[in-house]
S.K.: 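A single structure is presented below for examination.
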Amino acid sequence: MGRFSLDAKRCFHGDARQMRYYVPPPAEGPSPGFDLRDGYRDRYVQRDDSVREGLDHLLQWIVENRKQLQTEDKGKLLNADFVTWRGHLTKVLTTPYESREGWLLAVTLFRGTLYISEFETEAARREREQRSEMLKELTYMGYKFEQYMCADTPDGIPDPTGVVNTNEAFCTVIRSRLGSHSLLFSGEVDCTDPRSPSPQPPSCYVELKTSKVMHSPAQRRSFYRHKIIKWWAQSFLPGVSRIVAGYRGPDGSVVGLETFETMKIFKLIRDDRGCWKPAVCMNFCAAFLAFLKTVVTEDNPKLVHLFAWNPGHPVSYTVHQDSQYRFLPDWYVEALSA
Ligand code: 0WD
Ligand code: CA
């Protein structure tokens with residue numbers, strides 16, 4: 001449906017100025033020179049992750065593009081049952097196989113569309129505030145890998161001497177269906193491949209990941225069982241067709257690269273009994289969205305149903321009127337009521 005960019009100061013622009021271009025790695029592999037620790041101390045500008053942004057940037061895109069989202073249906077302002085971030089849908093999709101982290105999802109029905117916005121759980125907040133130096137550096141290394149693999153122009157080359165600024169983002173806006181549900185969501189895209197065999201977005205988009213180098217079949221099986229499910233869910237949702245993994249050695253260098261085709265990931269796991277299945281994820285997600293439709297029926301931008309889930313427990317919810325959980329801003333409600 002569209003795209004938008006967040007600049008170095010985290011300001012919204014309704015264009016593709018932050019798009020980056022995939023640069024295929026040299027045929028002999030990335031060594032030497034992919035040092036993922038380089039710049040951590042002196043060339044790193046970090047987004048302030050204590051600021052809750054909610055759905056605001058996506059809502060801003062909707063306000064600016066509401067004409068192309070209108071419906072004939074009187075009770076419904078936008079032609080979507082759900083509006084949310086892709087990352088929130090990823091969490092719902094992978095819930096059947098998640099054993100560590102729970103979630104809190106706030107839901108509001110406004111003019112016929114259900115909005116879903118995540119709130120940080122207490123456990124996640126504690127973890128964020130106590131994150132070890134090692135984890136912070138690992139996060140940086142993921143962003144540094146992007147810098148090694150991307151250029152600012154279609155014919156450019158990467159500039160690893162630059163600053164890594166995590167305020168910057170390019171986001172795509174997608175409309176799709178899951179069963180009987182129509183979804184409007186946005187997700188951050190790492191880069192586009194200007195030489196992609198399928199040049200249309202989103203199939204030309206590439207997701208970049210880093211992961212610890214694996215040495216044994218057991219390590220690889222664990223990676224398929226626990227990690228690649230998240231990579232699959234995240235890229236499958238918007239239709240990003242390739243995921244390029246950079247494998248980290250103990251010294252923070254990249255020791256290998258591997259490309260996964262999103263739609264072929266299920267083949268890597270289907271012979272492993274006890275592994276995850278895409279259909280289980282999609283059925284759970286569709287059933288959860290159907291459940292939201294039956295529970296959240298009062299159309300009211302100040303009313304929030306807060307759905308909570310923790311591993312080993314069923315989903316539960318509480319109802320909050322005009323509380324700290326309200327997430328549809330007045331400017332949005334007013335813009336869509338005009
Ligand atoms: O307020 C919140 N609780 C969240 C807001 C949680 C998750 C995302 N966001 C917002 C941010 O505004 C961000 O611009 O969503 C946007 C990204 O949305 P998404 O694509 O739906 O999120 P997700 O799929 O979880 O993450 C995609 C990328 C990550 O890449 P990796 O390779 O690590 O999955 O977005 C980045 C990160 O680079 N990212 C975030 N950026 C800003 N705020 C956040 C975050 N909270 N989480 C991940
Ligand atoms: Ca990434």
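Since the structure is predicted, the reported quantities are computational estimates derived from the model, not experimental observations. Only this structure's heavy atoms are used, side chains among them; waters, hydrogens and symmetry mates stay out. Order of appearance sets the numbers: ligands from 1, and atoms from 1 within every ligand.
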S.K.: Using the benzene-type ring in the case of Trp, are the ring centres of Phe266 and Phe236 under 6.0 Å apart?
M.R.: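 No, ring centres 6.0 Å or more apart.
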
S.K.: Would you tell me which option among Glu53, Arg47, His57 has the nearest heavy-atom contact to atom 46 (N) of ligand 1?
M.R.: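 Of the listed residues, Arg47 has the closest heavy atom.
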
S.K.: Taking the six-membered ring for Trp, are the ring centroids of Trp276 and Phe284 within less than 6.0 Å of each other?
M.R.: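 When the ring centroids of Trp276 and Phe284 are compared, they turn out to be at least 6.0 Å apart.
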
S.K.: Any side-chain heavy atom of Pro201 within less than 4.5 Å of one from Tyr205?
M.R.: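 Contact flag for Pro201/Tyr205 side chains = yes.
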
S.K.: I need the contact type for Arg10 against ligand 1. Using non-hydrogen atoms and a strict under-4.0 Å cut-off, is it side chain, backbone, both or neither?
M.R.: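 Contact part for Arg10 vs ligand 1: side chain (C-beta onward).
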
S.K.: Has Glu146 got an N, O or S atom lying less than 3.0 Å from the Ca ion (ligand 2)?
M.R.: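 Of the N, O and S atoms in Glu146, none lies under 3.0 Å from the Ca ion (ligand 2), which means no.
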
S.K.: Is the distance from the Ca ion (ligand 2) to the nearest N/O/S atom of Glu188 under 3.0 Å?
M.R.: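 Within the cut-off used here (under 3.0 Å), Glu188 places no N, O or S atom near the Ca ion (ligand 2).
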
S.K.: Among the N, O or S atoms of Glu207, which one sits nearest to the Ca ion (ligand 2)?
M.R.: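 Of all N, O or S atoms in Glu207, the Ca ion (ligand 2) lies closest to OE2.
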
S.K.: Where do His226 and Arg100 land on the side chain to side chain contact (heavy atoms under 4.5 Å, CB included) test, with the steps shown first?
M.R.: CA-CA 11 Å; His226 306 295; Arg100 289 177 36 242; over 6 Å; no

S.K.: Considering all heavy atoms of both residues, which atom of Ala233 and which atom of Leu93 are nearest to each other, and what is their separation?
M.R.: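 Scanning both residues, the minimum pair turns out to be CB-CD1, 3.8 Å.
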
S.K.: Does the Ser253 side chain pair with the main chain of Gly249, one donor and one acceptor, at a distance under 3.5 Å?
M.R.: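 A pair under 3.5 Å: no.
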
S.K.: With heavy atoms under 4.0 Å as the rule, classify the contact between Ser117 and ligand 1 as side chain, backbone, both or neither.
M.R.: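 It is neither; nothing of Ser117 touches ligand 1.
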
S.K.: Testing Tyr143, Tyr22, Phe34 for ring-ring contact (aromatic ring centres under 6.0 Å, His included) with Tyr148, which one passes?
M.R.: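 Of all the options given, the one that passes is Phe34.
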
S.K.: Could you tell me whether His88 and ligand 1 have an N or O pair separated by under 3.5 Å?
M.R.: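 No.
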
S.K.: If you measure every N or O of Cys171 against every N or O of ligand 1, does any of those distances drop under 3.5 Å?
M.R.: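 Min N/O separation from ligand 1 is not below 3.5 Å for Cys171.
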
S.K.: Does Arg86, backbone or side chain, put an N or O under 3.5 Å from an N or O of ligand 1?
M.R.: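 Checking ligand 1 against Arg86, an N or O pair does fall under 3.5 Å apart.
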
S.K.: Got an N/O contact under 3.5 Å between Lys209 and ligand 1?
M.R.: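 There is such a contact, yes.
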
S.K.: Considering only non-hydrogen protein atoms, determine which one is nearest to atom 1 (O) of ligand 1 and report residue, atom name and distance to 0.1 Å.
M.R.: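 Result: Gly54 N, 4.1 Å.
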
S.K.: Side chain, backbone, both or neither: which part of Glu120 comes within less than 4.0 Å of ligand 1 when only heavy atoms are counted?
M.R.: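 Neither part.
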
S.K.: Kindly indicate whether atom 36 (C) of ligand 1 is approached by any protein heavy atom to under 4.0 angstrom.
M.R.: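 So far as the 4.0 Å threshold goes, atom 36 (C) of ligand 1 is in reach of a protein heavy atom.
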
S.K.: Can you pull out the closest protein heavy atom to atom 18 (O) of ligand 1? Residue, atom name and distance to 0.1 Å, please.
M.R.: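 Looking only at protein heavy atoms, the one closest to atom 18 (O) of ligand 1 is Trp85 CE3, 3.7 Å.
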
S.K.: Is the ring pair Phe307/Tyr317 parallel, tilted or perpendicular, if the boundaries are 30 and 60 degrees?
M.R.: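 Aromatic pair Phe307/Tyr317 classed tilted.
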
S.K.: Which residue and atom name correspond to the protein heavy atom nearest atom 3 (N) of ligand 1, and how close is it?
M.R.: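 I find the closest protein heavy atom is Glu118 OE1, 3.8 Å.
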
S.K.: So, the side chain of Arg37 versus the backbone of Asp251: is there a donor-acceptor pair under 3.5 Å, distance only?
M.R.: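 Looks like yes, one N/O pair under 3.5 Å.
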
S.K.: Under a 3.5 Å distance rule, please check whether Arg10 uses its side chain to pair with a backbone N or O of Asn167 as donor and acceptor.
M.R.: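 Yes, the answer is positive, given that a donor and an acceptor are paired below the 3.5 Å cut-off.
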
S.K.: Is the contact between Phe119 and ligand 1 made by the side chain, the backbone, both, or neither, using heavy atoms and a 4.0 Å cut-off?
M.R.: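 The answer is neither; Phe119 stays 4.0 Å or more away.
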
S.K.: Is there a protein heavy atom less than 4.0 Å away from atom 11 (C) of ligand 1?
M.R.: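 Flag for atom 11 (C) of ligand 1 set to true, protein heavy atom closer than 4.0 Å.
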
S.K.: Of all heavy-atom pairs between Val92 and Leu105, which one has the smallest distance, and what is that distance?
M.R.: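 The pair with the smallest heavy-atom distance is CG2-CD1, 3.6 Å.
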
S.K.: Is atom 26 (O) of ligand 1 close to the protein, meaning a heavy atom under 4.0 Å from it?
M.R.: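 Under the 4.0 Å cut-off, atom 26 (O) of ligand 1 does have protein heavy-atom neighbours.
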
S.K.: Under 4.0 Å from ligand 1, counting heavy atoms only, is it the side chain of Gln234, its backbone, both or neither?
M.R.: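 For Gln234, the contact with ligand 1 is made by the side chain alone.
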
S.K.: Taking all non-hydrogen atoms of both residues into account, name the closest pair between Leu292 and Phe82 and its distance.
M.R.: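 Nearest pair, atom of Leu292 first, then Phe82: CD1-CE2, 3.9 Å.
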
S.K.: Evaluate ring-ring contact (aromatic ring centres under 6.0 Å, His included) for Trp309 paired with Phe291, printing each intermediate quantity in order.
M.R.: CA-CA 14 Å; Trp309 176 76; Phe291 178 59; over 10 Å; no

S.K.: Using a plain distance cutoff, I'd like to know if Arg52 has any nitrogen or oxygen under 3.5 Å from a nitrogen or oxygen of ligand 1.
M.R.: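 Among all N and O atoms of Arg52, none is under 3.5 Å from an N or O of ligand 1.
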
S.K.: Which residue and atom name correspond to the protein heavy atom nearest atom 40 (C) of ligand 1, and how close is it?
M.R.: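 Scanning the protein heavy atoms, the shortest distance from atom 40 (C) of ligand 1 goes to Glu188 OE1, 4.3 Å.
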
S.K.: Do Arg3 and Phe170 make a side-chain contact, defined as non-hydrogen atoms from C-beta onward lying under 4.5 Å apart?
M.R.: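 The answer is yes; the side chains approach within 4.5 Å.
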
S.K.: Considering only heavy atoms of Ser186, which atoms of ligand 1 have at least one such atom less than 4.0 Å away?
M.R.: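 Ligand 1 atoms under the 4.0 Å threshold to Ser186: 21 (O).
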
S.K.: With the Ca ion (ligand 2) as the reference point, give the N/O/S atom of Asp190 that is nearest.
M.R.: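 Atom name returned: OD2.
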
S.K.: Is the shortest distance from a heavy atom of Tyr143 to ligand 1 less than 4.0 Å?
M.R.: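 Yes; Tyr143 lies near enough to ligand 1 that a heavy-atom distance drops under 4.0 Å.
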
S.K.: For ligand 1, which atoms, with element, lie under 4.0 Å from some heavy atom of Glu207?
M.R.: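 Reading through ligand 1 atom by atom, the close ones are 32 (O).
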
